[in-house]
Amino acid sequence: MYVYDQFDHAFVQDRIGEFSDQVKRRLAGEISEDQFKPLRLMNGVYLQLHAYMLRIAVPYGVLSSAKMRKLAHIARTYDRDFGHFTTRQNIQFNWIKLAEVPEILQQLAEVEMHALQTSGNCIRNTTTDQFAGAAKDEHDDPRPWGEIIRQWSSNHPEFNFLPRKFKIAITGAEKDRAAIRLHDIGLHLTPQGFDVYVGGGMGRTPSLAHCIRKGLPGDKLLSYLEACLRVYNRYGRRDNSYKARIKILVAALGPDEYKRQVEEEWETFDKAAIDVPAAEVARIKSYFPDPDYADAPFDRVAFERAKTADAAFARWVKNNTNPHKRDDHVSVTISLKPIGLPPGDASSAQMDLMADVADEFGYGELRVSHEQNIILPHVAKRDLYALYARLDTVNLATANAGKITDMITCPGLDYCSLANARSIPLSQEISKRFEDANLTDKIGDLQIKISGCINACGHHHVGHIGILGVDKQGIEFYQILLGGRADEKAALGQITGKGLSAEAVPAAIERVVQLYLTLRTSDSERFIDTLERVGRNTFAEALHEPA
């Protein structure tokens with residue numbers, strides 16, 4: 001895990017002092033809200049429907065136990081005792097008092113955290129595979145490159161005021177768990193180098209990114225990224241915020257012409273002045289060593305006996321663990337999707353316990369996934385039952401990772417001033433329909449993603465079933481999309497028929513699921529595979545038939 005150097009500490013302290021002065025001036029009425037808005041956004045402060053919201057950066061989704069405990073403290077002291085983990089691998093506090101923000105930022109700095117560039121038209125938090133450095137199918141660890149990009153992009157003078165916000169994701173594994181083709185720039189780290197994808201994104205005009213370079217050497221990564229951004233910064237549309245993302249520019253130019261301009265720009269660079277020397281790459285990689293793995297002899301007989309005696313534990317092991325590069329370890333997903341509760345939320349008590357179990361069972365490390373769950377990347381198999389028992393004491397042992405109730409959901413109209421419809425209550429009602437664990441196991445891998453508006457913070461475009469909230473003359477309706485996916489076979493879902501009322505959606509989802517169970521050719525055929533085999537129209541009929 002990266003540790004701040006002297007520059008990092010000084011940089012963060014300078015920004016805290018600067019923003020503290022700006023807050024004082026705003027509270028004293030010396031500057032207007034219009035003047036204050038771009039200043040607060042640069043420091044992660046939003047003004048939502050009911051209160052200020054503070055979004056805190058979790059670079060490439062990596063947390064220490066000390067950082068998690070600090071987040072718990074902030075939830076208890078400054079918010080309503082909970083935080084909301086986001087699809088950008090960050091955390092949001094939704095009930096913050098503006099006067100207390102400088103104090104919160106100072107508290108964060110004590111554990112090397114900040115809220116910089118979590119908003120605004122700049123390069124946002126770079127996200128990665130939540131199992132980075134641990135996954136069995138990984139080619140290389142993307143986290144050091146996420147740190148290199150963080151350092152390069154922090155307060156970059158040329159890219160602080162881009163046409164629109166800019167998001168980068170990296171994966172180093174065979175399976176794409178970082179949704180790289182849905183980002184402005186997606187990077188796939190392979191044994192041959194970086195495959196560079198540009199022009200993806202969701203929102204009003206969803207697009208899949210195009211591969212414009214294969215096998216880019218790591219020692220040329222930053223200069224190539226700089227060329228990609230410079231072309232965008234020069235030609236991106238600042239006259240229309242709806243058409244300002246890089247996906248619009250790539251579509252207008254065409255991927256080949258955009259690539260030509262990037263390559264032409266790249267050739268003009270003094271690359272040595274931009275790219276990271278090998279010694280510096282090695283230094284940063286040294287901050288991401290494997291844990292000092294304990295000798296962890298595994299008693300398989302006792303383990304199988306525990307699963308036989310406790311069906312809930314057996315289900316949790318099956319659903320919430322991921323293969324690790326060491327046979328005696330696994331990665332564990334701590335689900336923040338308990339049945340009937342808001343997805344992605346965690347109380348201060350839950351955060352404290354996650355920090356405790358990270359220290360006891362996970363070498364002090366946690367991750368935030370873009371699916372709004374928490375990961376313990378390194379857990380010895382011998383410790384799984386003890387870990388499960390501890391998690392169960394604070395409602396963190398829901399065995400639904402990757403299942404139908406493991407929904408991505410934006411805050412929606414309950415919090416967000418941009419939303420058209422509520423997302424959280426709908427996700428709660430859907431999860432109640434599928435609270436029978438035996439049924440969710442039977443259904444298998446089925447991803448539902450819900451957004452409360454066209455901005456797509458809930459990633460509805462790439463849900464196997466996507467749900468988009470819209471406003472029709474003051475009434476909330478929901479459009480249903482089918483066939484999306486965010487993995488290495490990324491595809492955009494298609495709107496299927498007319499919108500449904502909030503009351504009608506759960507039953508419609510239930511009909512679609514029941515049809516899938518009758519159509520699949522085997523228990524192992526996933527919903528998305530069945531849908532792609534038989535076509536969306538077959539499911540559309542079930543979606544809209546009278547209840």
Side-chain angles (χ1 to χ4, degrees), residues 8 11-12 14-23 25-26 31-48 51-60 84 86-94 96 98 101-102 104-105 108-109 113-127 146 149-169 183-185 201-204 225-226 228-230 232-249 370 410-411 415-419 453 455-457:
D8 291 308
F11 173 64
V12 171
D14 286 347
R15 290 296 296 270
I16 292 172
E18 178 184 68
F19 188 56
S20 297
D21 180 65
Q22 293 163 351
V23 169
R25 292 167 61 204
R26 174 69 189 115
I31 56 176
S32 68
E33 171 56 28
D34 285 345
Q35 292 170 318
F36 183 57
K37 181 178 179 180
L39 305 177
R40 62 172 168 79
L41 289 177
M42 291 175 68
N43 291 276
V45 181
Y46 287 73
L47 181 57
Q48 295 199 306
Y52 284 97
M53 178 268 280
L54 177 64
R55 180 181 294 150
I56 296 167
V58 183
Y60 34 90
H84 177 74
T86 78
T87 56
R88 198 88 220 127
Q89 296 182 314
N90 291 323
I91 185 171
Q92 295 177 179
F93 291 104
N94 291 308
I96 296 296
L98 180 60
V101 170
I104 297 171
L105 296 179
L108 291 169
M113 296 185 77
H114 61 74
L116 301 173
Q117 294 186 206
T118 58
S119 183
N121 294 335
C122 58
I123 301 171
R124 301 282 187 90
N125 187 41
T126 296
T127 55
I149 292 171
R150 183 193 72 82
Q151 294 189 22
W152 162 76
S153 64
S154 292
N155 205 30
H156 193 300
E158 190 173 344
F159 305 138
N160 265 344
F161 296 96
L162 293 165
R164 278 291 272 127
K165 58 187 176 182
F166 203 90
K167 300 178 180 180
I168 300 173
H183 283 74
D184 298 291
I185 293 179
M202 290 175 272
R204 290 177 182 272
L225 292 180
E226 191 136 331
C228 291
L229 274 141
R230 187 170 288 183
Y232 168 55
N233 202 24
R234 182 182 301 147
Y235 297 116
R237 292 190 57 176
R238 286 180 163 82
D239 63 318
N240 187 328
S241 63
Y242 299 127
K243 298 182 179 181
R245 297 293 292 270
I246 194 173
K247 62 188 177 183
I248 304 298
L249 177 65
H370 83 269
C410 77
Y415 295 99
C416 183
S417 58
L418 300 177
C453 78
N455 288 304
C457 294

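- Remark: side-chain polar atoms of T118 are paired, donor with acceptor, to backbone N or O of R55 under 3.5 angstrom.
- Remark: side-chain polar atoms of D184 are not paired, donor with acceptor, to backbone N or O of G201 under 3.5 angstrom.
- The two residues I56 and M113 have their closest heavy-atom pair at CG2-CE, 3.8 Å.
- Applying the salt bridge (Lys or Arg N to Asp or Glu O under 4.0 Å) test to pairs two or more places apart or on separate chains, those with a residue in residues 150-166 are D8-R150, E147-R150, E158-R230.
- The side-chain contact (heavy atoms from CB on, under 4.5 Å) test applied to C228 returns I185, V198, I212, Y224, Y258, V262, not counting sequence neighbours.
- Under the side-chain contact (heavy atoms from CB on, under 4.5 Å) rule, H183 has a single partner from I168, T127, I246, T126, which is T127.
- Applying the salt bridge (Lys or Arg N to Asp or Glu O under 4.0 Å) criterion to R237, with sequence neighbours excluded, gives D239.
- Residues R124 and S119 meet the side-chain proximity criterion, which asks for heavy atoms closer than 4.5 Å.
- In terms of the side-chain contact (heavy atoms from CB on, under 4.5 Å) criterion, residue partners of M42 (sequence neighbours excluded) are, by chain and number, R15, F161.
- Nearest heavy atoms, N43 versus L39: ND2-O, 2.9 Å.
- Scored by the side-chain contact (heavy atoms from CB on, under 4.5 Å) test, L162 finds I123, F159, F166, L229, Y232, N233 as partners (sequence neighbours excluded).
- Of all the heavy atoms in L116 and A57, the pair that sits closest is O-CB, 4.4 Å.
- Minimum interatomic distance between F36 and Q22 (heavy atoms only, all atoms of both residues): CE1-O, 3.9 Å.
- Side-chain contact between M53 and P411 is absent, with no heavy atoms from C-beta onward closer than 4.5 Å.
- Taking both residues in full, the closest heavy atoms of Y60 and N125 are given as N-OD1, 3.5 Å, listed atom of the first, atom of the second, then distance.
- Legend: residues meeting side chain to side chain donor-acceptor pair (under 3.5 Å) with R25, ordered by chain and number and at least two apart, are absent.
- What you find for A51 and N94 is that their closest heavy atoms are CB-O, 3.7 Å.
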